[in-house]
Amino acid sequence: MSQDWTSGSDDSDKFDWDSDGEAEPSSAPATRNFDAPGPSTLSSNGWINGEAPPTSLIEGYVAMGFPKEMVVRSIKEIGHSDAEALLELLLTYKALGDDDDAVGNHSTSGCNPPIVEGNDDLDFENWNDDDDTGGRVSSSDDSGYEEFLREMSDKDEKINSLRDMGFSEDEANMAITICGVDADLSVLVDSISASQVTEVCHSRNLSDHQVTARCFDSFGGRKRARLIEESKKKRKRYGGGAQGKRPSSDGSDEESMPLPKPMVGFNLPGYRGPSMTRVLPELATGPPYFYYENVARAPKGVWAKITRFLFDIQPEFVDSLHLCAAARKRGYIHNLPTENRSPLLPLPPKTIFEAFPHYKKWWPSWDQRTHLNCLQTCMAPATVTERIQQKLSSSGNPPPQSVQKYVRHECSKWNLVWVGKDKAAPLEPHEMEYLLGFPKDHTRGVGKTQRYKSLGNSFQVDTVAYHLSVLRGMFPNGVRVLSLFTGIGGGEVALHKLGIHMRVVVSVEIGEANRQILRSWWDQTQTGTLIEIADVKSLKDDEIATYVRRFGGFDLVIGGSPCNNLAGSNRHHRDGLEGEHSSLFYDYFRILNSVKSAMANM
DNA sequence: CAAAGGATGACATCAGTA
DNA sequence: TACTGATGTCATCCTTTG
């Protein structure tokens, strides 16, 4: 084998870790201001995109029998550009009211009754009171909804809305504190739901369905929860789907986040695109620098939401096939500079044959792959390779088109390589290590299945290192890193290969095998301090503040939160960002803000 | 009991076509 | 514009094996 398996893991002596002079990040410290307006699409006048609906539109729905306040609330939630989605939502709300009557009383759920106030505009009990012309809403009062809007401050209004939806005032306040008073109601609901899901899920080990039902039990039982969920789905479908693709009035698209073609991020070595400069909002600038990663092809709306939480920084989508021999489509959100990046040297092999020249011998001419697909956590079962071998050996050379098509499909699907005559086989763990930029045998020592899983969940080191390379000149004395969802340490290996000394790494990783892999690598290659924590949920503000005081802050917060519920491969629980595992993104967000806050108070 | 093997679609995107 | 087929996806669940 002509490849250099050990490059990058033996060069730590070339760097002067002990030079004096603490480098400071180029950007000024940003004071976390919880009252500052957060990222939002809801303008100060309360309407989505700042566009008030025509009075006639509201009157039209009122004429159809919907209470005016229900119409106002619905338009404020999803806008009025998509009539079908709006009607769906109104019908759902109306169904909720009907359902509520059918259920009879709230106490059947055994939970707290909803808090209903005098100025409640989400009163399910009265909404379906079609024939009650003497109700609270006067349909002839054109200025009613405008008065209603003026009467309440934005914050009070949102707290009331959230309380109407069954959340406590504390939860509502907390969500507004975290997301900002300007945050869209749906963002606030997502924030609370996520914390409920993660809290309850982990403390009680309930299924997602149970948790969702529990979250909504307080205002009407499971049927209501189901209706709310259906409403959300419909809103998502119509709001962001085929019919909802038109941009909003300000030119942005609320839900969809189109992936760039080619997927090369802001820049890549060898790609001479237009020089890209970006101006980050003050809240987004460091210290600390942060780096967040997840799958590019997440369900619709996920990246838009992640972006909203991470200070409206646009993701950098990169397919690692432009850097190495395997595809890996990922989105990265970070506040690092994007100029003067430099790739790891030596450059990784860029094609299958460059990586594995010996496979050329058995590679059929009709399999024209030059790159492998995304390296995943599971390998092809033996039955797949057996079927391929059987089909090929029972046909001529070249095999008929139908056989070729079948074999090509299976090879692409399972990332098979040709290791013998008619013999396609899955990659070995050490080959995955090589393609992903890890030192050979990095994951050796744990079970083979575990190695595949850990590697499939990892960073592509060269890609991440290219983005992190800008840190090299900034921290000649080394960096202090908070590493969340560390896995097998892709970020750490990238920093090491860049020659950036890690003075401290506080690593949070739930998997025992992964912690063992990182610890083993650390002991072999590093001299800094490694602190290992098992669960991000256990990392609370006080402990974060303690580390910030102890180490004088962090220079980099890095991590990719679980993709289990976002990845297309997941047949069972592709539940989006609120899924059992992927909702841990909110812990990344929480911890990052906690670090920023603690560092601002230093 | 732990580890490994094998079967199990949904969904978004995109290119091609009518 | 709408439809169709092809492509690809940091996985989960149940059974079997050791």
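First the proteins, then the strands, lettered A, B, ... as listed; each starts at 1.
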Query raised in the report: Looking at residues at least two apart in the chain, or sitting in another chain, which of them share a side chain to side chain donor-acceptor pair (under 3.5 Å) with A:Gln376?
Result: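 Side chain to side chain donor-acceptor pair (under 3.5 Å) list for A:Gln376, sorted by chain: A:Ser569.
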Query raised in the report: With sequence neighbours excluded, what pairs up with A:Glu492 under the side chain to side chain donor-acceptor pair (under 3.5 Å) test?
Result: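 A:Glu492: side chain to side chain donor-acceptor pair (under 3.5 Å) contacts with A:Ser483.
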So, using ring-ring contact (aromatic ring centres under 6.0 Å, His included) as the criterion, who are the partners of [X] when residues are at least two apart?
{"X": "A:Tyr406", "result": "none"}
{"X": "A:His467", "result": "A:Tyr291, A:Tyr332, A:His334"}
{"X": "A:Tyr292", "result": "A:Phe585, A:Tyr588"}

Query raised in the report: Can you name the side-chain contact (heavy atoms from CB on, under 4.5 Å) partners of A:Leu259, sequence neighbours left out?
Result: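 Result, side-chain contact (heavy atoms from CB on, under 4.5 Å) vs A:Leu259: A:Met263, A:Ala296, A:Arg297, A:Phe317.
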Requested in this report: Please work out if A:Cys374 contacts a base, only the sugar-phosphate, or nothing of the nucleic acid, heavy-atom cut-off 4.0 Å.
Outcome: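 Counting heavy atoms under 4.0 Å across all strands, the contact made by A:Cys374 is with sugar-phosphate only.
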Report task. May I ask you to say what A:Ser561 touches in the nucleic acid, namely base, sugar-phosphate or nothing, with a heavy-atom cut-off under 4.0 Å? Result -> base
Requested in this report: Look at A:Arg574 and C:dA11 and indicate whether a side-chain polar atom (N or O) is within less than 4.0 Å of OP1 or OP2.
Outcome: no
Query raised in the report: At under 4.0 Å, does any side-chain N or O of A:Gln376 touch on OP1 or OP2 of C:dA11?
Result: yes
Report task. Run the numbers on A:Arg444 and A:Glu433 for salt bridge (charged side-chain N to carboxylate O under 4.0 Å, His left out), then give the verdict. Result -> CA-CA 10 Å; A:Arg444 202 162 179 178; A:Glu433 287 169 350; over 6 Å; no
Output one line per pair: protein atom, nucleotide atom from nucleotides 14-18 of chain C, and distance, for all N/O pairs under 3.5 Å.
none

Query raised in the report: Given the rule that a pair is Watson-Crick or G-U wobble with both distances under 3.5 Å, how would you write DNA chain B in dot-bracket, using | for pairs to a different strand?
Result: ||||||||.|||||||||
Query raised in the report: What are the two closest heavy atoms between A:Asn267 and A:Glu316, and how far apart are they?
Result: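 Minimum heavy-atom separation between A:Asn267 and A:Glu316: N-OE2, 4.0 Å.
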**Report entry** Close aromatic pair by centroid cut-off 6.0 Å: A:Phe438 and A:Trp521
**Finding:** no
Query raised in the report: Nucleotide by nucleotide, 5' to 3', does protein get under 4.0 Å of the base (B), only the sugar-phosphate (S), or neither (-) in nucleotides 1-8 of chain B, counting heavy atoms?
Result: ---S-BSB
N/O contacts under 3.5 Å, protein versus nucleotides 2-7 of chain C?
residue	atom	partner	partner atom	Å
C:dA6	OP1	A:Lys405	NZ	3.0

Report task. Output every pair passing side chain to side chain donor-acceptor pair (under 3.5 Å) with a member in residues 377-391 of chain A, not counting sequence neighbours, ordered by first then second residue. Result ->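 Side chain to side chain donor-acceptor pair (under 3.5 Å) check on residues 377-391 of chain A returns no pairs.
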Query - Proximity to DNA chain C (any heavy atom under 4.0 Å), residues of residues 454-462 of chain A only - result: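 Residues of residues 454-462 of chain A that come under 4.0 Å of DNA chain C are, in numerical order, A:Gly456, A:Asn457.
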Query - Whole-angstrom distance between B:dA7 and C:dC10, as gauged at atom P - result: 23 Å
Query raised in the report: Rounded to whole angstroms, how far apart are NZ on A:Lys453 and P on C:dC13?
Result: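 For the pair A:Lys453 NZ and C:dC13 P, the rounded distance is 11 Å.
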